[in-house]
Chemist: 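One structure, pasted below without further comment.
Read the numbers this way: they start at 1 and go in the same order the structure lists the ligands and their atoms. In this chain, residues are counted from 1 in sequence order.
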Amino acid sequence: MSKEWDLYARLIEGYDSSLSFSGINGDRIAKRLHEISKIGLTEDGGSHRVGFSQEEKQAKSLIKKWMEELDLSITEDGAGNVFGRMEGENPSLPAIVSGSHLDSVPNGGHFDGPLGVLSSLELIEAWKETGYQPTRPYEVVIFSDEEGSRFNSGLTGSRAMTGDVDMELQRSLVDSNGNSFEQVMNKIGLSEKSFTDAARNLEEIASFVEIHIEQGKKLEQQNLPVGIVSGIAGPSWLEVEFHGNAGHAGNTPMTEREDALVAAGEFISNIHDLPGQVSDSAVATVGKLHVYPNGINVIPGKVALHVDIRDIHEETRTELIQLIISEAEKASDKFGVRCTHQQTLQVTPVPIQSEIKQHLRQAMEQHSIRATELPSGAGHDALIIGRHLPTAMLFVKSKEGISHNPKEWSSLNDCVQGVHVLKSYVESIDKE
Ligand SMILES: [Zn+2]
């Protein structure tokens, strides 16, 4: 392996070893990130561990080996989610659960997911080393198929655990090799039946926390290693169609046109200023557009486009959707076309409770890190769990915000500071 792709060498270079204290060991974290990176390593130095693949399974086995060395009791549910449990002084109390995923997008990075799993495991390493016994049971979780690259879905393991599954939809999924969901499950020793049985009694869990790379630039811009996630935005998709009249580009005078694309163009550029009118965390994007008939010398008779609208609060997101719809109507009136719209997806956003953010803020202060809050625009397992249980999320600084790419990078210094904050947070809620 050339040094360029030697993750351990790259991580340890420039590591400030004074950050290894209280039993948290940066060298061990770097070695483990490196070991995982070798599973599904691509020619570009990226990570290829699609959900429910042999590679994802192999990465889980590696973590299970480390869990065994820590004497954790290991269970695997019917969706392939892995839990490593350390008993607390009072084993009958609901557990604190911390973790993330090990699957990746095709040719993705080495931090998205594995950092959360390894950080959660590092807490137990630290506790064993310093003789700390938590009051509550503590579980490290590895969720299956978070990215959803196999079936163009996602958050599969966490949905199975919470029972948020539409089995009819699940059954209809087919991967790019033509394998059905049942066939894919069978190949790794699971089944549709076992998947349904994975729903867990959520009363056994007191709260969930996930640490993850930011996949954005906000922390880098503020030069902060770690940030508090204020909420996880749920996407809402709005399909808008502009109906005009197709006509000859040469023979139709400008005053007699019903050009659907001119209206759509005005609409798209006006959307840009709307999210800021409802909240700081709202965003809206038009990323998909179809023009009919799509000919060089034909006035566009119809445009169908999709708006992706997100915010961490449902009320402001609904407000934004209304503003966008009235903007579409305004643009249609101005250019004499007709518009129709329908919502095609609506995922409930999860704002983080203020009590939890207060605990996270204190954990940051303990490590002299300025506590800043930032929304998560992307979905995570915490989005699913947060609908059912008190949930916290921390972000670690990402270099240039690059993610889902072999160039994804977070420095070991930042990762280790994240583990310290996670540990202080978990210990503070454990004492409650
Ligand atoms: Zn992730």
Chemist: Looking at K64 and E68, is there a salt bridge between them, counting it only when a charged N and a carboxylate O are closer than 4.0 Å?
Modeler: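 The answer is no: the pair does not qualify as a salt bridge.
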Chemist: Sorted by chain and residue number, which protein N/O/S atoms are under 2.8 Å from the Zn ion (ligand 1)?
Modeler: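 Near the Zn ion (ligand 1), the protein supplies H101 NE2, D112 OD1, H212 NE2.
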Chemist: Does atom CD of E168 have more than 12 heavy-atom neighbours from other groups under 6.0 Å away?
Modeler: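 Incorrect, the count does not exceed 12.
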Chemist: Tell me whether R32 is salt-bridged to E125, with the criterion being a basic N under 4.0 Å from an acidic carboxylate O.
Modeler: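 Judged by the 4.0 Å cut-off on N to carboxylate O distance, R32 and E125 do form a salt bridge.
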Chemist: Nearest 0.5 Å please: distance from the CD1 atom of I213 over to the CH2 atom of W409.
Modeler: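 Here the interatomic distance stands at 11.5 Å.
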Chemist: Could you give the side-chain donor-acceptor pairs of residues 228-236 under 3.5 Å, partners two or more places apart or in another chain?
Modeler:
residue: S230; atom: OG; partner: L374; partner atom: O; Å: 3.3
residue: S236; atom: OG; partner: Q343; partner atom: NE2; Å: 3.1
residue: S236; atom: OG; partner: L345; partner atom: O; Å: 3.4

Chemist: Salt bridge between R150 and D145, side-chain N to carboxylate O under 4.0 Å?
Modeler: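 Salt bridge absent between R150 and D145.
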